[in-house]
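In what follows, a single structure is set out as structure tokens and then discussed.
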Amino acid sequence: MPIGRAESKPSVDAVLASSDFLVLNVEAAPENVGLIGKKELAVMKKGSYLINPSFGDAVDIPALADALSSGHLEGAAIDAEPSGGASAGDALAPLQGLKNVILTPSLSLHNTRESEIRIAHEVATLVAHYLQRGSTIGASNFPSIASSWPLSENTRRICNVHRNVRGVLREIDLVVGNYNVGKQVLDTKDGIGYLVVDVQTDEVATEVVSQLAVLSHSIRTRIL
């Protein structure tokens with residue numbers, strides 16, 4: 001029976017072929033091992049996304065990596081660790097390094113209701129602080145900057161990700177040096193640098209993003 005705007009489908013293949021986003025919510029049971037394998041991935045709609053926050057062994061990881069690398073799937077997010085391999089890192093190795101994949105550590109299924117609420121609040125707060133203020137505090141594989149202070153009036157915040165190589169800050173300073181810098185914070189990790197700069201301007205300085213984007217070691221820049 002349809003619920004809301006949901007539509008019933010005659011088969012699993014029909015669901016796979018018509019879904020833009022496929023989210024797996026299955027229990028850790030033998031019948032769910034390999035639920036999404038090479039055959040099912042091939043049936044999925046081209047350009048669709050696969051999200052698995054439930055049972056790690058439900059997805060054939062090497063087959064998923066092939067589907068992502070070939071461009072058949074647009075992206076994937078995995079929050080469930082397969083049981084194969086010496087560690088989750090080994091089992092998820094085929095997905096590591098792919099730019100269209102998000103891998104996150106799975107939380108324990110035995111959390112209390114109170115701890116789940118606290119975790120959800122903490123994660124949502126961290127994401128909001130990143131989107132609104134550029135803060136990356138708590139990041140495990142990225143430079144950590146607690147830029148949680150609010151923006152002052154007539155101030156814009158520039159957030160730049162770059163390769164941490166000799167001379168890169170000199171190149172960036174040549175760009176942001178054209179503005180009155182109120183605050184500047186830098187952190188580096190594993191060859192990556194993250195710079196947060198508050199500049200005093202009453203205009204959206206989009207040209208700064210363009211100028212930083214063309215720098216040889218710049219990876220991504222956004223302005224708040």
Side-chain angles (χ1 to χ4, degrees), residues 1-85 87-109 111 116 119-132 134 136 138-142 159 161 192 209 213 219-222:
M1 178 182 295
I3 301 177
R5 298 178 61 184
E7 300 178 0
S8 61
K9 297 293 181 180
S11 65
V12 173
D13 282 356
V15 174
L16 298 177
S18 61
S19 298
D20 293 312
F21 291 85
L22 178 65
V23 183
L24 298 182
N25 291 285
V26 297
E27 62 180 352
E31 60 268 23
N32 290 327
V33 174
L35 183 66
I36 301 298
K38 184 176 182 179
K39 171 181 174 297
E40 289 75 21
L41 290 167
V43 174
M44 287 182 65
K45 185 177 181 180
K46 181 174 176 58
S48 60
Y49 296 79
L50 173 65
I51 303 172
N52 182 21
S54 55
F55 180 37
D57 290 330
V59 178
D60 183 332
I61 297 300
L64 174 59
D66 290 341
L68 290 164
S69 299
S70 68
H72 181 66
L73 294 189
E74 188 68 22
I78 305 295
D79 185 55
E81 302 171 357
S83 59
S87 65
D90 294 334
L92 295 174
L95 299 178
Q96 295 177 8
L98 297 180
K99 295 182 178 181
N100 51 350
V101 175
I102 297 176
L103 300 176
T104 55
S106 180
L107 298 175
S108 171
L109 298 177
N111 289 328
E116 289 177 347
I119 291 171
H121 181 270
E122 180 179 350
V123 171
T125 299
L126 291 174
V127 171
H129 281 179
Y130 169 72
L131 294 175
Q132 298 170 357
T136 57
S140 60
N141 59 349
F142 190 81
C159 304
V161 183
I192 297 296
V209 176
I219 297 175
R220 178 168 296 182
T221 303
R222 67 188 184 111

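In this chain, residues are counted from 1 in sequence order.
- D57 places no side-chain N or O within 3.5 Å of a backbone atom of V33 that could act as its donor or acceptor partner.
- Among L73, L92, L68, the single residue meeting the side chain to side chain contact (heavy atoms under 4.5 Å, CB included) criterion with V101 is L68.
- Closest heavy-atom contact between S54 and A80: O-CB, 3.6 Å.
- The two residues P53 and D79 make their nearest non-hydrogen contact at CA-CB, 4.0 Å.
- A donor-acceptor pair is defined here as one N or O able to donate and one able to accept, closer than 3.5 Å; no such pair exists between the side chain of T221 and the backbone of A213.
- Annotation for S19 and S48: closest pair O-CB, 3.4 Å, computed over non-hydrogen atoms.
- L131 CG: more than 12 foreign heavy atoms inside a 6.0 Å radius.
- Taking CZ from R220 and SG from C159, the interatomic distance works out to 12.5 Å, rounded to the nearest 0.5 Å.
- Between atom NZ of residue K99 and atom OG of residue S69 there is a gap of 12.5 Å, rounded to the nearest 0.5 Å.
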- Task: Determine, step by step, whether L64 and N52 satisfy the side-chain contact (heavy atoms from CB on, under 4.5 Å) criterion, reporting the C-alpha distance in whole Å, the side-chain angles of both residues, the deciding distance to 0.1 Å, and the verdict.
- Result: CA-CA 11 Å; L64 174 59; N52 182 21; over 6 Å; no
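- In this structure, the separation between CG on N141 and CD on Q96 is 10.0 Å, given to the nearest 0.5 Å.
- The two residues A58 and L24 come nearest to each other via the heavy atoms CB-CD1, 4.3 Å.
- Applying the salt bridge (Lys or Arg N to Asp or Glu O under 4.0 Å) test to pairs two or more places apart or on separate chains, those with a residue in residues 17-31 are D20-K45.
- Between I36 and E40 the shortest heavy-atom distance is C-OE1, 4.0 Å.
- The number of heavy-atom neighbours closer than 6.0 Å to CZ of R222, taken from other residues, nucleotides and ligands shown, is above 12.
- Nearest heavy-atom pair, F55 versus A29, reported as atom, atom and distance to 0.1 Å: CE2-O, 3.7 Å.
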